[in-house]
Structure formats: structure tokens, C-alpha cells
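These notes concern the structure reproduced below.
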Amino acid sequence: MAAKQHLYLVDGSAYIFRAYHRLPPLTDPEGTPVGAVYGYTTMLWKLADDLDKADGPTHLAVILDKGSTSFRNDIYPEYKANRPPPPEDLVPQFPLIRDATRAFSLPCIEEAGLEADDLIASYAREAQRQGWDVTIVSSDKDLMQLVGTAGEGGGRVDMLDTMKSARIGPAEVEEKFGVVPELVGDVLALMGDSVDNVPGIYGIGPKTASKLIAEHGSLTAALDAAPDMKKSKLKERMLEGREMAELSRVLVQLKEDCDLPQPLDDFKLDGVPPEPLAAFLEKHGFSSLLRRLEAGSGSPSRKTDLDPAKQSAGNTAAEHAASRQPLPEMPAVDRSAYECVQTMERLEHWVDRARAARLVAVDTETSALDAMAADLTGISLALGPNDACYIPLRHGGSDMFAEKPDQVDFAQALAALKPLLESDAVLKIGQNIKYDINILARNGIAVAPIDDTMIISFALDAGRSLDGIGGGHGMDELSERHLGHTTLTFKEVCGIGKKQIPFGEVPLDKATEYAAEDADVTWRLHAHLKPRLASEGGTKIYERVDRPLIPVVAQMERHGIKVDRARLAKLSEEFAVETSRLEKEIHTVAGIQFTVGSPKQLGDILFDKLGYKGGRKGKSGQYSTDQAILERLSGEGAEIADKVLEWRQLTKLKSTYTDALQQAINPETGRVHTSYSLVGAQTGRLSSTDPNLQNIPIRTEIGRQIREAFVADAGNVLLAADYSQIELRLAAHMADVDPLREAFAAGEDIHSRTATEMFGEVTRDTRARAKTINFAILYGISRWGLAGRLKVEPDEAQAMIDTYFQRFPGIQRYIHETLESVRARGYSETLFGRKTWFPRISSKNQNERTGSERAAINAPIQGTSADIIKRAMVRMVPALQEAGLDDVRMLLQVHDELVFELPEGDVAAAKPVIERVMAEAAQPSVSLSVPLGIDIGTGVSWGAAH
DNA sequence: AAGGTCACG
DNA sequence: GACGTACGTGACCTTG
């Protein structure tokens with residue numbers, strides 16, 4: 001029996017608009033804008049690649065709109081009349097869409113007087129009649145009417161949103177519209193569509209429309225029921241709007257019986273002839289796609305085995321970079337060229353060559369991810385493209401008696417490598433080299449000087465993610481994006497889950513391919529990215545801030561911090577007792593046993609069983625039971641809400657802190673070693689993981705007890721130094737807010753001063769409001785957000801915002817100028833020149849756009865604060881050393897706070913040094929017009945130091 | 001793996 | 001009138 005036929009209908013016109021808005025503005029060698037075409041090309045590539053895969057296409061056609069009017073305009077002249085003309089640099093791309101389609105040897109269908117939607121509907125129905133399955137590649141909500149199975153023996157119709165990689169079936173349609181696909185047209189007719197200018201009924205949006213149709217079963221029934229509805233605005237509008245709704249129903253109806261310009265069988269997909277495609281890719285400078293096609297490994301044909309998602313992911317951005325700066329000529333990665341170094345003679349040969357080259361990429365392989373617990377398994381080096389080796393050191397598994405592969409003696413090898421890795425004359429390049437620094441430091445080697453491709457990437461491209469098209473800084477992603485090369489992954493080499501084996505058990509030939517490739521790719525990335533620093537203005541932040549920070553943070557991680565295990569265990573026990581008591585009480589009040597930790601079950605019990613009022617929320621249709629909701633219920637006298645809140649607090653503290661921190665104690669050092677990410681936050685802040693030591697409780701009394709468990713070693717104390725109100729100070733400086741500057745200069749309480757300016761007097765209430773408003777400003781304000789926080793009406797919140805802007809006009813100017821600049825250049829900048837990119841700042845999608853705007857307002861402030869504390873950290877090490885304070889150890893950074901451990905006798909000498917380094921950290925690069933205030937405390941525990 | 005929740009600055 | 005409404009993170013739990 002022949003396999004089931006599966007027709008893919010690509011809504012080309014809709015796709016290109018979306019691609020245009022979500023991809024960077026590329027131009028081809030002739031200067032023609034081609035960003036949207038590029039996106040379209042990668043999508044076709046991916047689809048063609050799926051040929052013969054489960055659910056992949058056997059037949060495929062692209063459907064396009066022709067002209068801007070259709071038969072619908074005869075019915076309703078206003079139809080689509082309010083559409084703005086397409087952007088200037090999109091217009092020349094329309095004809096290229098046809099070229100691209102032809103280059104893939106795919107049929108391209110369009111008919112005057114018909115919209116693409118109608119042709120799609122007609123083809124879909126015809127295919128369905130023949131028993132074929134159909135996938136419509138689009139996310140247009142009008143087309144959702146077609147989803148489902150029709151008639152007996154009829155094929156299935158679903159949709160595919162390639163940008164989100166999401167399949168849309170009947171369930172998804174029903175979720176979106178609250179009705180079965182057949183009734184979607186009725187819902188659309190009621191709610192209208194502002195984009196297509198379908199009127200609908202004024203005052204009825206998606207929610208109301210979906211509710212009415214679900215209730216009455218059809219548009220006609222809903223309209224007929226209107227006269228019997230109880231008197232309301234809605235009733236009036238339904239009565240008045242009947243005609244408009246009926247007209248809208250006709251407009252949204254898809255024409256399913258168009259004459260088919262070409263028979264279905266013409267759409268048979270049968271591989272893609274490479275020549276026309278190559279010509280097209282070449283003409284428009286899509287060089288990495290061209291290379292891939294020529295390599296034959298990823299061509300859009302039935303024979304490829306590449307992961308298509310990954311493929312298109314890497315390419316878009318690769319092309320982006322390539323279009324600006326041609327790649328240095330490098331041969332393709334050839335893993336067979338790598339050497340496995342198994343004798344001291346060969347090792348010495350590599351060391352000599354590396355010294356001569358003065359630049360070597362280094363990568364370590366280990367037994368685990370935790371740099372403080374892992375054993376060194378081997379080291380790889382690279383001196384140029386394909387010029388790489390792997391030096392296995394501890395391969396052969398855990399069985400002491402099993403035969404081990406030939407490898408050099410561990411101690412001898414390290415002794416040979418140490419002078420190279422420590423030599424001032426040789427630059428060591430790593431991808432996340434902090435990890436290798438820590439591993440090697442634990443083996444007696446102090447790696448320096450260094451470069452780090454991950455950190456370079458971050459300095460250049462922070463925030464520059466392209467919609468699921470990875471914007472990260474991991475090696476596999478960078479390799480795809482900048483080199484067009486897919487690396488072997490750790491999973492492929494070591495397996496996954498239970499079957500995973502330690503790297504030391506990987507056979508040497510495979511291990512060499514993987515490990516040496518990592519060094520090779522790192523070398524290539526360095527060659528590619530390092531020159532961009534100078535040309536794109538990233539040198540200063542990289543060389544003066546982030547790179548010197550690497551060894552400093554590495555040292556902090558190795559220090560770790562002591563925690564009092566017994567104290568944590570005692571807290572765990574207390575929390576356990578309280579939790580189980582509360583759980584019983586909650587069950588009693590609820591009258592049923594249930595999982596308190598399940599928001600789903602809790603929501604059903606609170607709002608259905610116990611009948612408290614409160615709405616459904618979110619896509620999942622689940623009740624929200626978060627803190628704000630529970631506090632509201634508690635205010636209404638719901639005793640169970642209080643108990644749940646307390647239960648949540650205790651289980652959170654127990655599982656995340658008191659239990660987990662005990663687990664995190666390193667058996668060798670007896671301390672807890674976090675890992676900081678220098679690329680974790682788009683703004684330039686650090687982040688902390690495994691465990692996260694940047695979110696240890698402090699705001700509540702009960703949580704604060706956990707800080708008491710972070711202690712100093714015997715004879716030592718902990719010293720906590722934090723910047724006071726640094727972000728507000730920076731805002732005052734950057735936005736030229738004189739009253740705030742004066743207040744800071746005079747050492748006034750800043751929130752009180754704000755309260756005076758805004759409300760004329762300082763009371764507990766006005767100060768609290770002023771504080772909220774101050775923070776709101778830093779985060780990008782909206783009247784609704786502020787209203788929610790202050791529990792006032794949006795109008796009143798707006799009035800406060802107006803007052804704030806009036807009293808502090810610099811703030812409004814700062815917001816305006818920041819946004820203008822980000823819209824014009826694509827990125828924001830800190831006072832020290834750190835860039836953060838905002839690719840969605842001009843998105844058509846309001847949520848994306850306003851979200852980006854708020855983040856863009858905040859980024860220069862949060863990022864400058866991050867720069868300042870980073871500069872302080874870099875200077876702290878030599879400053880303490882100069883003062884002869886060799887026993888003072890910097891342990892933790894928590895965004896605006898540094899934690900040190902030091903002998904009690906050093907406190908008096910260390911305090912002024914730490915204070916001065918932190919307070920002067922902006923100078924001399926930047927002269928702030930406000931002082932930076934530092935608060936310092938000491939104690940036997942972190943809690944006591946505050 | 002995703003969503004909900006909550007800990008921090 | 002409809003959307004969802006403060007910036008930046010990471011960890012843990014339940015559920016599908």
C-alpha cells in the first residue's frame with residue numbers, strides 16, 4: 001500500500017511579513033534588502049528537508065497573494081483598507097520570494113481576485129477529499145477554520161507555525177478560540193479583526209465573542225438570542241451590530257471552491273535539484289547555506305541527516321554576521337586531522353610548537369561538570385584550523401585491573417604543560433576558560449594570560465538573540481552561528497541519562513575527535529570574534545572589565561564559603577515539623593486530603609470546592625494561586641490562605657536552602673562553592689548557580705536564619721560591603737535629576753526626599769509610596785503596573801507618574817532619549833560602553849515591543865551598576881595585596897554587595913581599603929555627579945554582618 | 001520539558 | 001474596549 005500522501009501548503013505572503021519583522025536587516029552584495037527572503041529561504045530548506053520524515057511533506061506548494069484587492073472588496077470596500085503600506089525595504093523582497101520558491105523547484109500559486117487564504121482553503125479541501133493529510137504552514141487565525149478531519153475517509157488538516165515550531169491541531173484551535181474549528185468563523189465575525197479591518201461588533205473582543213458562540217452554538221443563534229438578554233451594554237451592541245456581524249461572517253468565510261490553477265499531483269515533492277538553488281544562494285550572498293549545499297551534508301534533499309531546527313537556527317545568525325564581515329578563509333573542520341598525543345616526545349613537540357605560535361586554544365576534559373569536584377581526564381590544544389591534538393591523561397575507566405590505553409604519565413604531562421600554560425609569552429584561549437582555570441588551578445597550574453571566546457561573544461552580542469534562533473554564547477551555538485559548523489556534542493560522545501559514561505571511558509579515537517574539535521573550534525572562533533571587538537567598540541569593556549574579572553571570580557569560586565551544617569540540619573528539622581502540622585490543618589479546613597504543593601489542586605479546592613471568588617488565568621486555564629491572590633483571600637478572612645502561605649514559605653526554605661545547601665558542601669573542602677556565570681544576565685550582571693548564592697533569604701525573619709548558617713572560619717569574621725541605592729544614584733546621575741543628586745550629596749534618605757517632592761510631606765505612607773515609585777521608574781513604568789503595586793486606580797497612578805516627571809523632568813528626558821537611541825542603533829549602552837541589544841524594540845507585537853522598551857530603560861542603569869562592582873572586584877585583589885592584607889579573601893558577589901572572609905585582626909585595616917576601592921570604582925573612566933555610598937558590616941555569620 | 005511559584009538585587 | 005502590565009536572575013515542585 002502506498003504511504004499516506006501529505007500536502008504542505010505554505011502561506012508565503014504571511015510568512016514574509018513575519019520574517020521581515022523578526023530578522024535583522026540583511027542586504028545582499030548588491031545592496032538589495034534580503035532579510036525576509038533569507039528567513040523564507042531557510043524555512044523552505046527546512047520543509048524540503050523533512051521530506052519522507054514522519055509527518056513530513058510528500059507534496060508541497062507555496063501560495064501567494066496577488067495584488068491587494070479581492071472579491072471581498074466588492075462586498076465591503078473598507079476590507080483591509082486600513083493596512084499601512086508595507087515597509088520600504090520589504091517591497092523589493094516580494095518578487096524575490098517567487099525567485100526563492102523557483103530556486104527550490106517548488107510550485108508557486110497565485111490568482112488575481114483571490115487571497116492566498118482562499119486558494120489554501122480550496123486546495124486543502126480537495127486534498128482532504130482524496131484522503132490526503134494537509135498541513136498549512138501559517139499561523140493566520142482565519143485559516144484555523146480549516147483544521148480538523150472532514151467526512152469519512154477524509155484527511156486531516158493541521159497547521160504548522162514554523163517560527164515557533166508549533167503544530168496547531170483541533171485542540172490548539174479550541175484552546176485559542178474556546179470553540180471547535182467549525183465555529184471559529186462565527187467567533188471571528190463577532191470579534192472582528194482590526195488588522196484586516198473586519199468590523200465585527202463594536203465592543204466585543206475575543207473573550208466575549210468566544211463565550212457567546214460557545215453558549216449559543218452559532219453566530220445566528222447568538223444574534224437571535226440578543227433580544228431576550230437582560231438589559232446591558234452588550235445587548236444593545238448585539239442588537240445594533242447584527243448587520244455588521246453578518247457582513248463580517250461573509251468576509252471571514254474562506255472560499256473553498258476556487259478553480260484550482262494546477263492539479264494537486266503537480267505538487268509532488270521529489271528532491272531539490274541543486275543547480276538553480278546554488279545560483280540563487282550565490283546571487284544573494286547566502287554563503288553559509290551555499291557552503292552547506294556544496295558540502296552536500298545538509299542539502300535540502302531526502303538524504304540529509306542534519307537536525308533541521310538546529311540548522312536553520314545556526315544559519316540565520318551566521319549569515320547575519322557573515323554579511324557584515326567576511327569570514328577569514330579557513331578549511332572545513334576535518335576531525336581526522338587531529339592527533340592523539342600518547343608519548344612524552346609528541347607532547348613536548350606540541351608544547352614547543354605552541355610556544356613558537358604564542359597563541360594556543362586550550363580545553364580540559366573532566367569527570368564531572370562541577371569544577372570544584374571534577375578530576376582532570378585530558379587536555380586538548382589547538383594551534384590553527386585542524387591543527388589540534390588531544391592529550392589523554394586518565395582514560396581507561398574505574399576498573400583498576402582493566403587494561404588501560406597508552407597515555408603519558410599524569411604528573412609528567414602536567415609538568416611539561418605547566419610552563420607553557422603559565423608563560424606570559426603565550427596567550428591561552430578558552431571557551432568559558434574560568435572552568436579550565438579552576439580545574440588546572442586545583443592541579444597546581446595558574447593559567448595566564450588568557451582570552452575567552454564566550455566572554456568576547458558576550459561583549460559583542462549580549463541580547464542579540466534572534467527568536468529561538470539561539471542568541472547564547474555556548475560553543476555549539478557559536479560554532480553554528482559564526483563558522484557554519486556543527487560540533488560533536490557531549491551527548492553524542494558520552495550518551496545521556498543513565499547510559500551516560502564518564503569522558504575517561506570514551507575510546508581514545510572518539511575522545512580525540514571530540515576534545516580536539518573543541519580546541520580547534522575555540523581557536524577558529526577566536527580568530528573570527530576577536531577582531532570584531534575593535535571594530536565594534538567592545539575592546540574597552542572586554543579588556544578592562546570582563547576579561548580581568550575571570551581569574552578574580554575563579555578565585556572566589558575556589559575559596560567557597562563555610563556553612564554550618566548542623567545549624568542547617570536543625571532548621572530543616574524545625575521546618576519539617578511545622579510543615580507537616582500546617583499540612584494537616586490545611587487538609588482539615590479543606591475537608592479533603594490533597595497535595596498542597598500542587599497549584600492546580602489547590603486552585604480547584606479554593607475556588608470550586610470552597611467557593612472563594614477569583615478568576616482563571618493564563619493559557620492553561622488554571623486558577624492562579626500566587627502570593628498576591630492568597631493574600632487577598634487572607635484579607636477576606638480565608639484562614640486556609642494564611643496556612644498555605646506559611647506552608648509555602650517553609651517548604652521553599654527547606655527544599656531550596658536548608659536541605660539543598662547541606663548537599664552542596666564539598667566533601668574535600670568542607671565549603672560551598674557556587675559557580676558564577678559572566679554571561680548569565682543580558683545587562684552584564686553576574687548570575688550564580690549550583691547553588692545560587694545570590695538569592696539567600698534576608699527579607700523575612702524566618703528566612704534570615706539561613707544567613708546565620710553562612711559562617712567564617714575559626715579566628716575569622718565575615719565582612720559584607722554593599723553599595724547603598726546604587727541604581728537610584730546612577731539614575732540621578734544619568735538623568736540629571738538635581739533634587740535627587742542634592743539629596744544623595746547631603747546624605748538624605750532618598751525615598752523621604754522623593755516623598756517631599758511628590759506629596760509635600762513625609763509620612764510612613766508617602767515614603768512607602770515614593771519608594772515604590774522610585775523603583776517603578778528604574779524598571780520602566782506603566783500606570784497599570786504602578787496602580788497594582790500601590791493598590792490605587794490607574795488614573796491616580798498616572799497622576800503620580802505625571803507629578804514625578806514634573807518634579808524630576810530629567811527622568812522623562814532620559815527615558816525618551818534612551819528609547820530613541822535604542823530604536824536607532826539597536827542596542828543600549830552603559831556609562832562604560834557595555835552594549836545590550838534589543839532586537840524586538842520595534843516589534844509590531846505590542847507585548848514584545850513594550851517589554852523591550854522597559855528592559856531598554858533599565859539596562860543602562862542595571863548594567864552600569866554591574867560594571868562598577870566588577871571594576872571594584874578587579875581592583876580589590878591588588879589593592880588588598882598592596883595593603884599587605886594577604887589573608888583577606890573575597891568570597892561572594894550579590895549584585896551590589898561583596899562578602900569577604902578575613903582574620904578578625906585585619907578588619908580595621910581592611911575596611912577602609914574595601915570602602916575606597918568600591919567608592920572609587922567608576923573613576924577615572926567616569927566621573928559621577930553623585931557619591932557612591934558604601935555600607936559595611938562584620939560578624940561571625942553573613943546574617944550578623946548585615 | 002513546561003508552567004507555577006518564590007527566593008534575591 | 002481588548003491584550004497584559006515593573007527590570008534582572010535560578011531552583012524546586014508538580015504535572016503531562
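Order of the sequence lines sets the chain letters (A, B, ...), proteins ahead of strands, with each chain counted from 1.
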Nearest to the side chain of [X] - [options]?
X: A:Ser598; options: B:dC6, C:dC12, C:dT14; result: C:dT14
X: A:Gln682; options: C:dT9, B:dC8, B:dC6; result: C:dT9
X: A:His895; options: C:dC12, B:dG9, C:dT5; result: B:dG9
X: A:Asn695; options: B:dC8, B:dT5, C:dT5; result: B:dC8
X: A:Ser782; options: B:dG9, C:dT5, B:dC6; result: C:dT5
X: A:Thr656; options: B:dC8, C:dT14, C:dA11; result: C:dA11
X: A:Ala681; options: C:dT9, C:dT5, C:dC12; result: C:dT9
X: A:Tyr779; options: B:dC8, C:dA11, B:dG9; result: B:dG9
X: A:Val894; options: B:dG9, B:dC6, C:dT14; result: B:dG9

With [atom1] as the reference atom in both, quote the distance from [N] to [M] in angstrom, rounded to an integer.
N: B:dA2; M: C:dA6; atom1: P; answer: 23 Å
N: B:dC6; M: C:dA2; atom1: C1'; answer: 30 Å
N: B:dA7; M: C:dC3; atom1: C1'; answer: 30 Å

Is A:Glu727 salt-bridged to A:Arg685, going by a charged N under 4.0 Å from an acidic O? yes
Under a 4.0 Å threshold between the charged nitrogen and the carboxylate oxygen, would A:Lys643 count as salt-bridged to A:Glu646?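 Salt bridge flag = no for A:Lys643 with A:Glu646.
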Compare side-chain N and O positions of [X] against OP1 and OP2 of [N] and report whether any pair is under 4.0 Å apart.
X: A:Arg685; N: C:dG8; answer: no
X: A:Thr689; N: C:dT9; answer: no
X: A:Thr595; N: C:dC13; answer: no
X: A:Arg789; N: C:dA6; answer: yes
X: A:Thr625; N: B:dG4; answer: no

Whom does C:dT15 pair with, Watson-Crick or G-U wobble, provided both distances fall under 3.5 Å?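 Answer to the pairing question: B:dA1, which forms a Watson-Crick or G-U pair with C:dT15.
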When both hydrogen-bonding distances must be under 3.5 Å and the geometry is Watson-Crick or G-U wobble, what is C:dA2 paired with, if anything? none
In whole angstrom, give the distance that lies between atom [atom1] of [X] and atom [atom2] of [N].
X: A:Ile857; N: C:dG8; atom1: CD1; atom2: C1'; value: 15 Å
X: A:Ile204; N: C:dA2; atom1: CD1; atom2: P; value: 10 Å
X: A:Ile706; N: C:dA11; atom1: CD1; atom2: P; value: 16 Å
X: A:Ile801; N: C:dT5; atom1: CD1; atom2: C1'; value: 11 Å
X: A:Glu175; N: B:dG3; atom1: CD; atom2: C1'; value: 13 Å
X: A:Glu853; N: C:dT5; atom1: CD; atom2: P; value: 16 Å
X: A:Arg648; N: C:dC12; atom1: CZ; atom2: P; value: 17 Å
X: A:Leu892; N: B:dG9; atom1: CG; atom2: P; value: 13 Å

Touch class at under 4.0 angstrom, heavy-atom based, for [X] against every strand present:
X: A:Asn692; value: sugar-phosphate
X: A:Ile696; value: sugar-phosphate
X: A:Thr674; value: nothing
X: A:Ser865; value: nothing
X: A:Ile698; value: sugar-phosphate
X: A:Gln601; value: sugar-phosphate
X: A:Ala660; value: sugar-phosphate
X: A:Asp722; value: nothing
X: A:Gln627; value: sugar-phosphate

5′-ward residue of the pair A:Thr208/A:Lys600 relative to DNA chain C: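 Here A:Thr208 is the residue nearer the 5' end.
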Toward the 5' end of DNA chain C, by each residue's nearest nucleotide, A:Ser687 or A:Ala776: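 Here A:Ala776 is the residue nearer the 5' end.
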What one should report as the nearest heavy-atom pair of A:Thr836 and A:Thr683 is OG1-CA, 4.0 Å
Below 30° counts as parallel, above 60° as perpendicular, anything between as tilted: where do the rings of A:Trp942 and A:His946 land? tilted
Give the ring-plane orientation class for A:Phe775 versus A:His751, where under 30° counts as parallel, over 60° as perpendicular and anything between as tilted. tilted
Would you check, one step at a time, whether the test salt bridge (charged side-chain N to carboxylate O under 4.0 Å, His left out) holds for A:Glu853 with A:Arg823? CA-CA 9 Å; A:Glu853 286 171 355; A:Arg823 279 193 276 264; 3.3 Å; yes
No-H, no-angle donor-acceptor pair, A:Arg699 side chain to B:dA7 base, under 3.5 Å: no
Using side-chain heavy atoms (C-beta onward) and a distance below 4.5 Å, is A:Ile868 in contact with A:Tyr723?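 Yes, their side chains come closer than 4.5 Å.
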With a 4.5 Å cut-off on side-chain heavy atoms, are A:Leu786 and A:Ile777 touching?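 Heavy-atom side-chain distance check fails, nothing below 4.5 Å.
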